[in-house]
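A note on names: the letters A, B, ... follow the listed sequences, proteins ahead of strands, and every chain is numbered from 1. Values below: every heavy atom of this structure, side chains too, minus hydrogens, waters and symmetry copies.
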Number of protein chains: 2
Amino acid sequence: MKILRVRDLIAFALLCASTLAAGTSLAADPLPSWNDGAAKKSITEFVGKVTRPGSPDFVPAPERIAVFDNDGTLWTEQPLPVQLYFAIDRVKALAPQHPEWKTQEPFASILKGDLKNALAGGEHALVELVMATHAGMTTDEFETIVKDWLATAKHPKTGKPFTEMVYQPMLEVLAYLRANGFKTFIVSGGGIEFMRPWSEAVYGIPPEQVIGSSIVTKFEMRDGEPVLVRLPELNFNDDKAGKPVAIHQHIGRRPVMAFGNSNGDQQMLEYTQGGSGARFMLLVFHDDEQREYAYGPARGLRNVAVGAFTPELDEHARKDGWTVVSMKGDWKRVFPR
Amino acid sequence: MKILRVRDLIAFALLCASTLAAGTSLAADPLPSWNDGAAKKSITEFVGKVTRPGSPDFVPAPERIAVFDNDGTLWTEQPLPVQLYFAIDRVKALAPQHPEWKTQEPFASILKGDLKNALAGGEHALVELVMATHAGMTTDEFETIVKDWLATAKHPKTGKPFTEMVYQPMLEVLAYLRANGFKTFIVSGGGIEFMRPWSEAVYGIPPEQVIGSSIVTKFEMRDGEPVLVRLPELNFNDDKAGKPVAIHQHIGRRPVMAFGNSNGDQQMLEYTQGGSGARFMLLVFHDDEQREYAYGPARGLRNVAVGAFTPELDEHARKDGWTVVSMKGDWKRVFPR
């Protein structure tokens with residue numbers, strides 16, 4: 001009978017273990033904010049087949065690279081990309097030191113609150129704006145400026161902090177992929193140093209897995225302290241055909257999965273698809289005017305300056321089997337709260 | 001008595017566990033190829049104090065970044081850096097397609113076996129040589145060329161494959177740091193795409209943690225296949241003041257530990273030291289003519305074109321408490337076999 005006790009203990013332990021395991025697998029939908037449907041299924045089926053040992057599509061863990069665009073894919077980019085609000089607020093903060101901005105575009109229009117006119121200067125105006133607000137300080141100083149701004153800045157429509165304007169369903173995809181041995185990377189047209197100060201806290205993506213556009217930095221000794229100074233000169237434009245180049249430069253492997261939402265992501269998805277073996281490409285389509293925004297000319301929605309879901313992109317998706325996510329139909333909720 | 005059996009089992013299990021634990025900590029010197037001494041002690045003491053919870057110098061795991069130069073720090077760079085042998089062999093392989101090389105320098109001298117004359121052209125000759133041998137193919141093709149070359153190429157003095165000319169004590173440091181939650185990165189003046197094809201197998205460092213010099217690549221569709229083509233144009237020179245810039249660009253955090261051997265690593269070590277909190281800087285000094293090579297003017301050894309351990313570097317080390325490793329005195333063995 002004493003021997004039975006030991007056996008009982010073992011049996012009880014085994015029972016507990018199997019019950020717990022069954023409970024876990026039943027309860028834990030890794031993507032609870034996704035409606036059941038083709039988009040959700042395409043993700044879980046793909047992850048299943050590349051991670052199951054013995055599967056013909058198995059991908060060894062070190063090669064499980066997933067890349068994500070940021071603006072419009074992980075967080076909102078409407079009515080303007082977040083980084084533009086940052087630049088505008090920096091112009092206002094720096095204006096006292098720049099009396100010449102009162103008459104100099106695009107600064108004059110920004111200071112008058114006329115954004116439309118400020119951006120009428122196109123790419124040239126944007127570059128002026130970025131260089132005046134993103135350069136001239138050390139990298140450590142810039143990090144502090146970004147963090148301080150994010151702590152108080154609010155989205156113009158919702159009044160929420162921008163870091164709460166991230167897509168809950170995509171946060172779940174990030175966590176789900178990491179739980180399945182993937183390394184998750186951001187590959188964004190936005191500024192690499194604008195994202196790094198918060199990407200780890202918000203997305204669980206550490207700075208060394210953030211790739212973006214950059215300006216030139218220069219190593220200097222300042223009062224005996226080694227610093228990197230940000231210069232007003234473009235180093236790399238991480239958009240369109242620049243994205244595969246940056247992926248190769250930073251990661252050195254072709255991704256297995258790629259997530260985007262605009263024509264700026266097309267080449268990144270093409271490059272991903274061009275690898276041998278199973279690959280997964282996904283586009284977020286913004287068709288949810290109620291809960292977020294609706295834009296993209298491909299499916300009859302109005303065009304916008306950023307994040308264009310173009311007819312060419314739509315054709316790619318149909319022809320090449322890329323998953324297209326309808327925010328309206330595929331997502332139970334859009335934001336974490 | 002039956003109850004005793006259970007107690008005995010438990011006691012026996014506990015005894016086993018504690019014996020094993022004690023045995024492990026006694027038996028497992030993480031750096032068995034290092035002689036006991038100041039250099040070895042500086043490494044283990046530093047790792048201890050930044051990883052011990054509650055220590056005033058504790059560094060959270062995500063911030064444990066360690067950077068390593070490659071040539072002369074992780075593998076041999078004498079009598080010439082390995083990548084130069086690669087370039088020379090490529091010139092020989094490509095010569096039939098380039099009849100003009102018979103009279104054009106530096107190719108003519110290389111084809112005649114006169115290396116000294118080939119390199120007399122200095123940096124210009126080197127750039128010519130690199131562009132002619134490293135550009136003009138896709139990134140996938142270049143990876144194959146590097147792998148194929150490494151599979152047969154031999155070190156001119158030892159006759160060993162170059163991937164066996166790596167320093168066993170440094171392999172142990174890499175593994176020891178990773179076991180203590182560090183992410184290990186290569187930050188080399190050598191070509192990033194020359195190192196990535198073998199860094200994971202040889203050093204346990206995956207491609208996304210390899211940083212180096214690079215040439216420009218361009219995204220293209222070739223016969224419907226998305227490829228990156230290598231162009232004969234320098235993208236980034238990852239040496240000297242370029243190293244902190246590249247560390248910031250790729251990693252986005254200041255390293256906690258930095259390992260180098262030459263004046264090309266000075267700024268990387270300075271930048272590391274400039275961070276707040278505990279930092280560790282180490283230089284490998286090549287003073288072992290018997291087992292490897294002896295060079296570096298700082299301590300009276302002959303100068304060489306590469307890997308100069310300059311007087312300035314030596315002064316830095318003395319003044320700032322950088323660890324200097326004497327290969328002769330600090331290393332029990334140099335190569336894995």
Side-chain angles (χ1 to χ4, degrees), chain A residues 1-6 9 62-63 65 139-140 143 183 185 192-193 195-197 199-200 206-212 214 216-222 224-228 230 235-236 240-254 267-276, chain B residues 1-6 9 62-63 65 139-140 143 183 185 192-193 195-197 199-200 206-212 214 216-222 224-228 230 235-236 240-254 267-276:
Chain A
M1 191 183 138
K2 291 285 163 62
I3 283 176
L4 254 181
R5 256 199 217 168
V6 179
L9 270 172
E63 293 168 26
I65 303 289
T139 53
D140 289 343
E143 185 181 335
K183 256 191 181 176
F185 286 82
I192 188 167
E193 296 312 325
M195 298 180 283
R196 282 173 162 169
S199 63
E200 191 153 32
E208 62 268 27
Q209 286 162 224
V210 176
I211 303 169
S214 56
V216 173
T217 65
K218 187 171 171 291
F219 180 76
E220 262 183 41
M221 295 299 283
R222 280 197 177 173
E225 289 299 314
V227 296
L228 292 167
R230 294 169 60 82
N235 177 56
F236 190 80
K240 298 192 169 75
K243 290 202 175 193
V245 170
I247 288 170
H248 181 68
Q249 178 73 6
H250 282 256
I251 310 178
R253 305 195 211 246
R254 232 182 248 241
Q267 289 84 350
M268 173 169 85
L269 269 64
E270 287 172 352
Y271 181 62
T272 299
Q273 182 167 31
S276 59
Chain B
M1 192 186 141
K2 290 283 161 63
I3 282 175
L4 255 180
R5 255 200 215 167
V6 178
L9 270 171
E63 293 167 25
I65 303 290
T139 53
D140 290 342
E143 185 181 335
K183 256 191 179 175
F185 287 81
I192 188 168
E193 297 312 326
M195 296 178 284
R196 282 172 162 169
S199 63
E200 193 154 30
E208 62 268 27
Q209 285 163 225
V210 176
I211 302 170
S214 57
V216 173
T217 65
K218 187 172 172 287
F219 180 76
E220 261 184 40
M221 296 298 285
R222 279 196 176 172
E225 289 297 315
V227 295
L228 292 167
R230 294 170 59 83
N235 177 57
F236 190 79
K240 299 192 169 74
K243 290 201 175 192
V245 169
I247 287 169
H248 181 70
Q249 177 74 9
H250 281 256
I251 308 177
R253 301 195 215 247
R254 233 181 247 241
Q267 290 85 349
M268 174 168 87
L269 269 63
E270 287 173 351
Y271 181 63
T272 298
Q273 182 167 30
S276 60

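Ranked by non-hydrogen atom pairs under 4.5 Å with chain B, the options A:Q249, A:Q267, A:E225, A:E270 are led by A:Q249. In terms of heavy-atom pairs under 4.5 Å with chain A, the best-connected choice from B:R254, B:Q209, B:E143, B:E220 is B:R254. For the set B:P62, B:S214, B:P226, the entry with the most heavy-atom pairs within less than 4.5 Å of chain A is B:P226. For chain B, the option among A:Q273, A:E193, A:K240 with the highest count of heavy-atom pairs below 4.5 Å is A:E193. Ranked by heavy-atom pairs under 4.5 Å with chain B, the first of A:G275, A:G212, A:G274, A:P244 is A:P244.
Within the structure, salt bridge (charged side-chain N to carboxylate O under 4.0 Å, His left out) pairs that include any residue of residues 243-252 of chain A comprise A:D69-A:K243, A:K243-A:D265 (at least two apart or interchain).
Residues that satisfy the side chain to side chain contact (heavy atoms under 4.5 Å, CB included) test with B:E208, not counting sequence neighbours, are A:I65, A:K183, A:F185, A:I251, A:R253, B:P206.
Of the candidates A:V216, A:T139, A:L228, A:L228 is the only one forming a side-chain contact (heavy atoms from CB on, under 4.5 Å) with B:V245.
Contact record, B:G252 with A:P207: O-CB, 4.1 Å, taken as the closest heavy-atom pair.
Using a 4.5 Å cut-off between heavy atoms, B:E200 contacts chain A through its side chain alone, with no backbone atom that close.
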